[in-house]
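Chain A is the first sequence line, chain B the second, and so forth, proteins listed ahead of strands; every chain is numbered from 1.
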Amino acid sequence: MSPASQEETNLLNLFQRVSGIGVVAAKKFVDKGYKSLEDLSNDPNLTHHQCVGLKYVDEFEKEIPRDEMENLLAIVKKTLNEIDSRYNMEACGSFRRGANISGDLDIILTHPDFTEVEEKVVKRHKATTPLLAQAVQALEKYGFLTDFVSTGNVKYMGVCQFPGTDPRSNQPYLHRRIDLRFIPHENYYTGLLAWTGDDELNRIMRSRAKELGYTLNEYGLRRRIKTETEETPGEKIPINSEEDVFKKLGMPYMEPHERNLRGVVKKKYLMYEE
DNA sequence: TTCAAA
DNA sequence: TTTGAA
Ligand SMILES: Nc1nc2c(ncn2[C@@H]2O[C@H](COP(=O)(O)OP(=O)(O)OP(=O)(O)O)[C@@H](O)[C@H]2O)c(=O)[nH]1
Ligand SMILES: [Mn+2]
Ligand SMILES: [Mn+2]
């Protein structure tokens, strides 16, 4: 590879470390002649997401120890319970799969007043669910949420920080990425499954569902009606636990900590693939 | 519409 | 594949 293009790919990689900068933006910045993150910081046209990403590039690359994840989660639970005890929340992602370290904190939120029809209404009106807005507001007031990346009807992406000094470093706790996802309570278990992952298991379960004439996603498991010409989503299969989904797919239940399939040789699960 | 993230 | 910013 020529020295010039080597330098270029180095810069591309450097810029893409910033959350909010993907392949297209990175190229654009290289074309502008930027050579460093400092050049980047002087660009007046960065998006808000990119500004936040740049501000915390180093911190976001650090893994979050499990005990800190637990501390962060406890704050969210306590804060939301104080404003409305009917909020239910569960940390998903790698944390729920038992990881000792995580890249970010993924939380799914439900509330008895937030139903499937609610979600549709909210999307139609392009309004933010008051229930999500309220939750975010409470967390911001507390000072727990320090920056936002995006906030919408049902999804919030932002930055949080545990208060006080981290005994590990004798420094303030680092800023951490946090995702809040509001899902209709009818879809709680399929949502939980989808957001716990891992990606590999999701793929396996979805293709398995397909074979069996179902369609599986975060919104539920449904029968698919197959006419000669087209396939349309049919009735929803009642799901009252994660086990139910495995059962319907004829798979043995897997505890969250057993769902780390990414990169694993899947001898054990091979029979359920293909 | 395009881009980025998950 | 879906959500949100711009
Ligand atoms: N539908 C869909 N869901 C995704 C996709 N990528 C990630 N997710 C979901 O988001 C969940 C959390 O994603 P991440 O936070 O990126 O990954 P993680 O497994 O928690 O790992 P770390 O956060 O890096 O520790 C995953 O379990 C997925 O179910 C995608 O491309 N499509
Ligand atoms: Mn995660
Ligand atoms: Mn995440």
Side-chain angles (χ1 to χ4, degrees), chain A residues 12-32 40 43-57 60-61 63-64 69 90-97 99 102-109 114 116 118-129 131-133 135-136 145 147-160 176-184 187 190-210 214-222 224 231 233 259-262:
Chain A
L12 253 25
N13 288 334
L14 173 65
F15 295 154
Q16 285 186 252
R17 283 170 49 199
V18 177
S19 181
I21 299 182
V23 284
V24 176
K27 243 176 235 157
K28 187 186 71 184
F29 294 133
V30 170
D31 290 345
K32 281 191 175 185
L40 212 55
D43 189 313
N45 293 327
L46 294 186
T47 66
H48 177 68
H49 184 169
Q50 289 165 165
C51 289
V52 174
L54 190 56
K55 184 168 162 194
Y56 300 116
V57 246
F60 287 172
E61 286 178 346
E63 307 272 31
I64 313 171
M69 292 285 278
E90 201 68 59
C92 302
S94 53
F95 176 82
R96 185 155 182 267
R97 299 197 306 273
S102 297
D104 68 350
L105 180 55
D106 305 295
I107 297 181
I108 66 176
L109 245 39
F114 187 66
E116 237 171 338
E118 266 291 310
E119 183 178 43
K120 276 180 189 137
V121 170
V122 152
K123 283 178 180 168
R124 280 252 133 66
H125 296 4
K126 288 234 162 189
T128 295
T129 323
L131 288 166
L132 178 56
V136 168
L145 258 24
D147 303 82
F148 77 94
V149 168
S150 71
T151 104
N153 311 152
V154 296
K155 192 178 78 168
Y156 171 90
M157 288 173 35
V159 183
C160 66
R176 308 301 199 177
R177 281 276 299 106
I178 181 171
D179 297 328
L180 303 178
R181 178 67 190 259
F182 226 102
I183 60 177
N187 304 145
T190 45
L192 192 57
L193 197 56
W195 284 87
T196 300
D198 63 9
D199 302 345
E200 188 63 32
L201 178 64
N202 286 156
R203 255 176 255 130
I204 291 173
M205 293 186 80
R206 285 170 192 201
S207 64
R208 176 87 183 144
K210 202 167 193 173
Y214 296 109
T215 173
L216 173 67
N217 57 30
E218 55 269 56
Y219 296 116
L221 179 67
R222 4 183 43 113
R224 55 167 77 195
E231 288 190 346
R259 301 183 195 165
N260 293 295
L261 271 44
R262 207 178 309 178

Name the pairs: protein N/O against N/O of nucleotides 1-3 of chain B, kept only if under 3.5 Å.
none

Discussion item. Can you identify which nucleotide, out of C/dA6, C/dG4, B/dA6, has its nearest atom closest to the A/H48 side chain?
Written reply: C/dA6
Worksheet item: Within the pair A/R177 and B/dA6, is there a side-chain N or O less than 4.0 Å away from OP1 or OP2?
Response: yes
Worksheet item: Taking the six-membered ring for Trp, is the centroid-to-centroid distance between A/F148 and A/Y156 below 6.0 Å?
Response: no
Worksheet item: Rounded to the nearest Å, what distance is computed from the CE atom of residue A/M157 to the P atom of nucleotide C/dT2?
Response: 17 Å
Worksheet entry | Positive for side chain to side chain donor-acceptor pair (under 3.5 Å) with A/D43, one of A/K28, A/K32, A/Q50 | A/K32
Worksheet item: A/D104 side chain to A/R177 main-chain N or O, any donor-acceptor pair under 3.5 Å?
Response: no
Item to complete: Mind calculating the distance between CD1 (A/I183) and P (C/dT3) to the nearest angstrom?
Response: 12 Å
Worksheet entry | Contacts of A/A26 that satisfy side chain to side chain contact (heavy atoms under 4.5 Å, CB included) - sequence neighbours left out | A/L12, A/F15, A/Q16, A/I21
Item to complete: Rounded to the nearest angstrom, tell me the gap between atom CG in A/N202 and atom C1' in C/dT2.
Response: 13 Å
Practice prompt. Round to a whole Å and report the spacing from CZ of A/F182 to P of C/dG4.
Written response: 13 Å
Worksheet item: CG of A/D199 versus C1' of B/dA5: gap in Å, rounded?
Response: 12 Å
Discussion item. Tell me every residue that passes side chain to side chain contact (heavy atoms under 4.5 Å, CB included) with A/C92, counting only those two or more places apart in sequence or in another chain.
Written reply: A/I108, A/L192, A/W195, A/T196
Practice prompt. Send over the distance from A/F148 CZ to C/dA5 C1', rounded to a whole Å.
Written response: 10 Å
Item to complete: Look at the side-chain N and O atoms of A/Y219 and state whether any lies under 4.0 Å from the OP1 or OP2 oxygen of C/dT3.
Response: yes
Worksheet item: With respect to the phosphate group of C/dG4, does any side-chain polar atom (N or O) of A/N153 fall under 4.0 Å of OP1 or OP2?
Response: yes
Worksheet entry | A/R181 side-chain proximity, nearest of C/dA5, C/dT2, B/dA5 | C/dT2
Discussion item. For a quick check under 3.5 Å, do A/H49 and A/S150 share a side-chain donor-acceptor pair by atom type?
Written reply: no
Fill in: Salt-bridge present (A/D106, A/R96; N to O < 4.0 Å)
no
Discussion item. From CZ of A/F95 over to P of B/dA6, roughly how many Å is that when rounded to an integer?
Written reply: 19 Å
